[in-house]
Amino acid sequence: MFEDVERILFHRDQIQIRVAALGREIAAAYSDCGDALTLVPVLSGSIIFLADLIRCLPMKMKIALVHVSTYPGKSTSPQAPKTVLELTGDVSNRHVLIVDDILDSGRTLRRVQEMLAECGPATIRTAVLLRKPGKAPPDVRVDFVGFDVEDQFVVGYGLDFDDHYRNYPHIGVLRPECLA
């Protein structure tokens, strides 16, 4: 696995420091919402980010799940989003924080934000670990961003290629021959 990565963009230590800082930012933003916070991770790419982030949030919260896939199989460009798992849990009148791995084309987040808006939450905010500023559409709002990255296909820390590399501890770029 490690030999498939051409270069590392963010080492695990950098990621942990940034996730802890995001946790402080998010905790401050929700400091007055009592126990009415629900995190909605977008599966499967956000699972490691979520696991680390929630341990940095010193407050009561619920978790509801949604699974939307935009990069099926060996795809390295976004496809039409496919809802694999509808929202689990009731988010009506709750403060919702969507947690996703990356804002790229915005297709996934747009779909999830629209889906959740129909459920009557008190508020919706979004946190992403990575954002591609050159591709992120202006109509898809994110409130918390871990890192901005160039427009390249990245893996690790939950991000995958053909369901592999999610357990790679850093965020990196695969060798071109591995994307064939």
Side-chain angles (χ1 to χ4, degrees), residues 10 12 14-71 78 81-133 135-149 154-160 166-167 169 171:
F10 303 105
R12 68 182 347 165
Q14 291 175 279
I15 298 168
Q16 293 306 311
I17 290 168
R18 185 62 190 127
V19 170
L22 276 175
R24 289 189 295 274
E25 292 173 34
I26 292 168
Y30 287 104
S31 64
D32 62 348
C33 78
D35 63 355
L37 176 63
T38 299
L39 271 62
V40 179
V42 181
L43 302 176
S44 301
S46 68
I47 57 175
I48 294 175
F49 178 37
L50 174 77
D52 287 345
L53 180 64
I54 62 174
R55 288 180 280 171
C56 296
L57 297 175
M59 58 187 58
K60 290 175 74 174
M61 69 186 77
K62 293 182 178 182
I63 296 176
L65 306 172
V66 66
H67 186 180
V68 176
S69 177
T70 308
Y71 290 87
K82 177 183 175 189
T83 302
V84 179
L85 172 69
E86 295 285 341
L87 178 67
T88 65
D90 181 8
V91 298
S92 62
N93 299 312
R94 296 194 54 84
H95 297 282
V96 171
L97 178 64
I98 299 168
V99 178
D100 203 2
D101 54 357
I102 188 166
L103 172 57
D104 187 338
S105 70
R107 293 177 185 179
T108 301
L109 277 176
R110 183 180 297 112
R111 165 77 65 89
V112 173
Q113 288 174 343
E114 290 171 355
M115 180 188 310
L116 290 170
E118 295 174 1
C119 297
T123 62
I124 297 176
R125 291 182 176 151
T126 302
V128 295
L129 178 63
L130 303 174
R131 174 179 59 188
K132 293 181 178 177
K135 291 184 72 178
D139 67 309
V140 178
R141 179 178 172 204
V142 292
D143 305 279
F144 307 98
V145 177
F147 301 98
D148 284 327
V149 295
V154 295
V155 298
Y157 198 74
L159 295 129
D160 77 304
R166 292 190 196 280
N167 59 325
I171 296 172

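Throughout, residue positions are numbered sequentially from 1 according to the sequence presented.
For the side-chain contact (heavy atoms from CB on, under 4.5 Å) with L65, the qualifying choice from V42, L43, L39, V40 is L43, the only one to do so. Evaluated for a side chain to side chain donor-acceptor pair (under 3.5 Å) with T38, the options R94, H95, K62 yield exactly one hit, R94.
Residues L159 and F49 fail the side-chain proximity criterion, which asks for heavy atoms closer than 4.5 Å. Inter-residue side-chain proximity for V155 and D160 is flagged as unmet; no heavy-atom pair is nearer than 4.5 Å. At a threshold of 4.5 Å between non-hydrogen side-chain atoms, the residues D101 and L130 do not count as touching. Contact check for D100 versus T108: side-chain heavy atoms found under the 4.5 Å cut-off. Under the 4.5 Å side-chain criterion, counting only non-hydrogen atoms from C-beta, V140 is in contact with L103.
Scanning all heavy atoms of the two residues, the minimum distance from V149 to P133 falls at O-CD, 3.4 Å. Closest heavy-atom contact between C56 and A20: SG-CA, 3.8 Å. Nearest heavy atoms, L50 versus P41: CD2-CG, 3.6 Å. The two residues V96 and P121 have their closest heavy-atom pair at CG2-CB, 3.7 Å. Scanning both residues, P137 and R110, for their nearest heavy atoms gives CG-NH2, 3.5 Å. Of all heavy-atom pairs spanning Y157 and P169, the tightest one is CD1-O, 4.3 Å.
With rounding to the nearest 0.5 Å, the separation of CG in L87 from CD in E118 is 11.0 Å. With rounding to the nearest 0.5 Å, the separation of CZ in R55 from CG in L57 is 11.5 Å. Atoms CE and CG, on M61 and L37 in that order, are 6.0 Å from each other to the nearest 0.5 Å. The line from CZ of F144 to CG of L22 is 8.5 Å long, rounded to the nearest 0.5 Å. Here the straight-line distance linking atom CG of L97 with atom CZ of R125 works out to 8.5 Å at 0.5 Å rounding. The OG atom of S46 lies 12.5 Å from the CD1 atom of I102; values are rounded to the nearest 0.5 Å.
Proximity of a side-chain donor or acceptor of R131 to a complementary backbone N or O of V145 within less than 3.5 Å is not detected.
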Exercise for review: Could you go through the side-chain contact (heavy atoms from CB on, under 4.5 Å) check for E86 and H67 one step at a time?
Suggested key: CA-CA 7 Å; E86 295 285 341; H67 186 180; over 6 Å; no
Point to revise | Evaluation steps, side-chain contact (heavy atoms from CB on, under 4.5 Å), between K82 and V68 | key: CA-CA 5 Å; K82 177 183 175 189; V68 176; 6.0 Å; no
Exercise for review: Please lay out, stage by stage, how V19 and L129 fare under the test side-chain contact (heavy atoms from CB on, under 4.5 Å).
Suggested key: CA-CA 8 Å; V19 170; L129 178 63; 4.3 Å; yes
Check your understanding: Would T126 and R141 satisfy side-chain hydrogen bond (donor to acceptor under 3.5 Å, both in side chains), going step by step from the backbone distance to the final call?
Key -> CA-CA 7 Å; T126 302; R141 179 178 172 204; over 6 Å; no
Review point. Can you list the steps and then say if T88 with V66 is a side-chain contact (heavy atoms from CB on, under 4.5 Å)?
Key: CA-CA 7 Å; T88 65; V66 66; over 6 Å; no
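With respect to K132 and D148, no salt bridge is recorded, no charged nitrogen being found less than 4.0 Å from a carboxylate O.
Within 6.0 Å of atom NZ in K135, more than 12 heavy atoms from other residues, nucleotides or ligands are found, so the atom counts as buried in its surroundings.
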